[in-house]
Asker: 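Please read through the structure below; I'll follow up with questions.
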Amino acid sequence: NAGVTQTPKFQVLKTGQSMTLQCAQDMNHEYMSWYRQDPGMGLRLIHYSVGAGITDQGEVPNGYNVSRSTTEDFPLRLLSAAPSQTSVYFCASSYSIDLNTEAFFGQGTRLTVV
Amino acid sequence: DAKTTQPPSMDCAEGRAANLPCNHSTISGNEYVYWYRQIHSQGPQYIIHGLKNNETNEMASLIITEDRKSSTLILPHATLRDTAVYYCIVRASNTGNQFYFGTGTSLTVIP
């Protein structure tokens with residue numbers, strides 16, 4: 001049981017390039033989400049999904065796309081990277097979106113856009 | 001939505017109990033209090049959560065006041081590995097049941 005796995009751990013992009021951050025969980029969790037964390041700040045919600053085929057926007061969705069074709073995977077796409085997207089990205093999953101359910105986080109992807 | 005207020009930083013001597021306070025004076029009846037911690041820049045780690053009653057697990061205890069307007073996370077015997085940023089989060093239905101992280105409390109355990 002690996003939990004929440006994020007790849008890659010580190011990435012450097014040039015402005016305008018695209019890439020996909022991968023997130024996979026092996027706990028059969030319905031709920032998955034993506035956060036970004038900037039220096040000295042807490043985590044901010046980008047997008048989330050309550051099940052396969054269902055996605056929705058969080059606080060800071062602009063510049064990011066997501067899809068959820070399987071229960072296990074929830075990739076985050078940057079279509080045209082900008083320096084403002086330099087951040088650490090965390091993926092999380094939980095059994096459901098119910099209030100009484102804890103979420104588990106991956107170890108993060110550190111992205112630098114130059 | 002119920003916001004939380006935490007002190008920005010605290011110190012604790014190794015081996016002593018660390019008591020981390022959180023104020024959530026606008027919490028509603030069905031909203032849960034969660035605690036997470038983040039060591040260096042690792043992913044946040046779940047610690048404990050509760051609704052009304054005090055809770056205890058192998059990591060910590062959560063004490064919630066009777067009026068639910070504040071809570072305290074207790075690490076009974078702090079070690080150097082407990083040095084981290086601790087986040088108190090109120091999870092609410094009027095914010096889509098999401099986890100909203102503030103800036104937390106930076107706990108330093110001193111040898």
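Lettering of chains follows the sequences in order, A, B, ..., and the numbering in each one begins at 1. Because the structure is a prediction, the values reported are computed rather than measured.
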Asker: Would you kindly confirm whether A:V113 and A:V60 end up in one hydrophobic cluster when ILVMFWY residues are joined by side chain heavy atoms under 4.5 Å apart?
Answerer: yes
Asker: Search all heavy atoms of B:P44 against all heavy atoms of A:L43 and return the closest pair with its distance.
Answerer: CG-CD2, 3.8 Å
Asker: Name the region of A:Q37, side chain, backbone, both or neither, that has any atom closer than 4.5 Å to a heavy atom of chain B.
Answerer: side chain
Asker: Hey, any chance A:L13 and A:Y64 share a hydrophobic cluster, counting ILVMFWY side chains that come within less than 4.5 Å of each other, even indirectly?
Answerer: yes
Asker: Please classify the contact between A:R110 and chain B as side chain, backbone, both or neither, with a heavy-atom cut-off of under 4.5 Å.
Answerer: side chain
Asker: Does B:M10 belong to the same Ile/Leu/Val/Met/Phe/Trp/Tyr cluster as B:I74, with side-chain heavy atoms less than 4.5 Å apart forming each link?
Answerer: no
Asker: When only heavy atoms count and the cut-off is under 4.5 Å, which of residues 73-109 of chain A reach chain B?
Answerer: A:F90, A:S96, A:I97, A:D98, A:L99, A:N100, A:T101, A:E102, A:A103, A:F105, A:G106, A:Q107
Asker: Identify which part of B:Q38 has an atom lying under 4.5 Å from any heavy atom of chain A, answering side chain, backbone, both or neither.
Answerer: side chain
Asker: What part of B:S41 gets within 4.5 angstrom of chain A, counting heavy atoms only: side chain, backbone, both, or neither?
Answerer: both
Asker: Are A:V66 and A:I46 in one and the same hydrophobic cluster, where Ile, Leu, Val, Met, Phe, Trp and Tyr link if side-chain heavy atoms are under 4.5 Å apart?
Answerer: yes
Asker: Determine, step by step, whether B:F101 and A:R44 satisfy the side chain to side chain contact (heavy atoms under 4.5 Å, CB included) criterion, reporting the C-alpha distance in whole Å, the side-chain angles of both residues, the deciding distance to 0.1 Å, and the verdict.
Answerer: CA-CA 7 Å; B:F101 288 76; A:R44 291 184 292 168; over 6 Å; no
Asker: Hey, quick one: are B:M59 and B:I64 part of the same hydrophobic cluster, counting side-chain heavy atoms closer than 4.5 Å, chains of contacts allowed?
Answerer: yes
Asker: What are the two closest non-hydrogen atoms of A:Y35 and B:F99, and how far apart are they?
Answerer: OH-O, 3.3 Å
